[in-house]
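Comments concern the structure below.
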Amino acid sequence: MQDLYKFENYVHPEFYKKLLDLKELGENPYDIKSFEKTDIIQIRQEAEVELGKSYKTAGRVKAIRRHGKAMFFDIEDSTGKIQIYLKADVVGKDKYKFIADHMKVGDIVGVEGETFITRTGELSIQTKYIMFLSKVLRPLPEKWHGLKDAEIRYRQRYLDLLVNKEVFNNFKKRFEMQWETRSFMAEWGFIEVETPILQPIAGGAAAKPFVTYHNFLELELFLRIAPELYLKRLLVGGFEKVFEMGRVFRNENISNRHNPEFTMLEAYAAYKDYTYMMQLTETLIATLAEKIRGSFKIPFVKEENGKRIEYEVDLTPPFQVKTYLEVASEAAGEEITEETPNDKLIDIAKQMEIELTGNESWGELVELIYSEGEKGITQPTFIIDYPIDISPLAKRKTEKLTERFELIINGWELANAFSELNDPEDQFNRFMQQLERAGVDKDRDFHRFDADYVLALCYAMPPAAGLGIGIDRLAALINGLSSIKEVILFPTIKPQINLKLEEDKEVDAGA
RNA sequence: GGGCCGUUAGCUCAGUCGGUAGAGCACCGGACUUUUAAUCCGGGUGUCACAGGUUCGAAUCCUGUACGGCUCACCA
């Protein structure tokens with residue numbers, strides 16, 4: 001048998017001693033089941049009007065200042081922080097000494113007492129009664145510099161949340177933003193639905209899926225890379241405005257704007273086209289900026305050649321609109337139109353030192369050139385009318401272009417939307433083209449053929465518009481952060497602490 | 001996957017030319033009844049990420065590995 005006290009230095013001996021003392025006196029903090037508490041924010045608000053009122057409150061001890069026979073300490077709950085004053089005169093000599101000897105920064109305590117203002121003007125609680133509600137057995141990260149090590153911040157996010165207040169607030173805002181998004185969508189007449197995460201065909205995007213297996217069906221399944229094709233089946237089924245906000249999974253690399261699992265908002269509206277979705281997107285983002293951040297202007301800092309550059313992203317609507325070919329033309333330095341032949345595009349790409357496989361289609365060539373231009377877009381810009389061969393689910397606009405837009409902000413793709421292709425024959429052919437392309441270019445991902453989806457279209461899907469928004473990216477943007485890791489509570493990270501109990505190790509060795 | 005950078009006490013960091021590791025906070029002992037990064041006195045608690053190599057001697061130089069960050073590629 002192992003015990004926690006000896007397990008991997010999990011427990012600090014001095015801290016553990018305090019807990020043992022408590023238990024010996026019959027005051028095991030872990031026996032406490034509940035505690036009637038007033039939120040600190042409420043105490044603060046009421047103290048503006050009336051002092052001397054008695055409260056019970058609780059929170060985590062964040063700082064202790066001992067002064068012999070009296071002590072100050074700060075406790076914090078999810079609503080705020082307040083100073084607690086504890087005097088031997090008031091609580092009794094023995095009780096005071098016991099608390100003073102056993103309280104550590106990080107403990108969770110419950111107190112009862114009256115509000116008053118100290119000589120230095122700090123609102124405090126004159127404690128009459130105090131108890132430990134939980135004991136900390138390891139020291140918290142440093143109070144002044146906080147926790148900076150990115151690895152520990154992600155692996156032990158609870159510590160990050162605990163000691164870095166702005167991190168805590170960023171997450172609070174992220175989830176407020178999601179709530180506001182749901183309420184916005186409801187106001188626009190959309191209802192929230194849920195569609196499969198386990199899918200037999202990972203459709204709706206071109207990305208590598210995670211693979212899993214259902215034992216009883218003896219079936220290989222994929223974690224969804226997008227909910228798109230299921231949501232559009234609902235349009236066939238008679239739903240007119242639906243949205244889903246949920247996790248999607250892509251088996252790809254991790255970066256400041258990519259996580260293997262991320263949150264996507266997808267919305268579909270029957271009888272609308274992509275201009276409607278542009279309007280919705282713009283209004284949604286402006287609404288969120290106003291409600292969550294209270295401003296359209298978001299300051300950012302970046303480094304270029306070792307220089308710190310401060311700049312501002314302005315979310316004030318209306319957003320700029322540019323065509324895909326305009327951006328490609330700007331990047332190329334000469335005009336690219338639908339008539340520009342492949343040979344010419346190859347020349348341009350080579351001049352721009354873009355690597356080619358030689359297998360690219362017209363749209364893929366334009367895409368490579370366009371990508372160079374996209375990076376420089378900082379202010380919100382709708383890029384419209386994408387090449388058809390890279391948009392196999394979008395409705396045709398011209399021979400080579402589709403009614404599709406993406407919203408680029410701060411160099412990031414925030415949203416992707418189109419007038420949905422509802423012609424089953426065209427859809428069938430587009431899927432076939434994707435299959436062909438996949439046969440030629442083995443390195444890229446293409447949309448997978450989904451015959452069942454084509455079958456659904458054969459029952460008539462109304463004309464419709466669809467939208468996808470990267471919620472993590474949006475949350476990072478609105479909070480002025482340059483990595484989605486700052487708004488994903490537990491970003492995907494390789495496990496490092498892989499501890500097993502000795503018994504398990506032996507079992508493993510034997511197996 | 002490529003390139004660059006990082007990993008030193010619980011946390012934040014310093015560590016000279018290669019000479020057996022140091023500060024602040026935290027922690028331990030003591031003083032202190034209105035402090036708030038409390039203060040004052042005393043105490044260093046370490047697998048210098050890991051494994052090799054060079055060297056009389058390595059936190060420091062070299063190689064490899066692990067993990068992380070940035071970036072490019074990939075990818076919405």
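The sequence lines fix the lettering, A, B, ..., with proteins before strands; numbering per chain opens at 1.
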Picking from rU33(B), rC70(B), rC11(B), the nucleotide nearest the side-chain atoms of Tyr85(A) would be rU33(B)
Worksheet entry | Distance, P atom - from rA31(B) to rU16(B), rounded to whole angstrom | 41 Å
Mind checking the C1' distance from rG15(B) to rA59(B)? Whole angstroms is fine.
8 Å
Partner of Tyr386(A) under ring-ring contact (aromatic ring centres under 6.0 Å, His included), picked from Phe418(A), Phe405(A), Tyr324(A), is Tyr324(A)
Discussion item. Ignoring hydrogens and geometry beyond distance, is the side chain of His145(A) in donor-acceptor contact with the base of rC11(B) at under 3.5 Å?
Written reply: no
(message) When the C1' atoms of rU39(B) and rG6(B) are compared, how many Å lie between them, rounded to an integer?
(response) 37 Å
As its Watson-Crick or G-U partner within any shown strand, both distances under 3.5 Å, rG1(B) has rC72(B)
_Between Lys322(A) and Glu374(A), does the salt bridge (Lys or Arg N to Asp or Glu O under 4.0 Å) criterion hold? Intermediate values first, please._
CA-CA 11 Å; Lys322(A) 272 188 181 177; Glu374(A) 188 193 88; over 6 Å; no
Regarding the side chain of Arg65(A), the nearest nucleotide among rU36(B), rC75(B), rC32(B) is rU36(B)
Separation between the C1' atoms of rG44(B) and rU20(B), rounded to whole Å:
16 Å
| said: Between the side chains of Arg444(A) and Glu367(A), is the shortest nitrogen-to-carboxylate-oxygen separation below 4.0 Å, so that they form an ion pair? | reply: yes
Atom CG of Asp94(A): over 12 foreign heavy atoms under 6.0 Å
no
Assign each of Pro141(A) and Val105(A) the nucleotide of RNA chain B bearing its closest heavy atom; nearer the 5' end lies the nucleotide of Pro141(A)
Taking rU12(B), rG68(B), rU33(B) as options, the one with an atom nearest any side-chain atom of Asp149(A) is rU12(B)
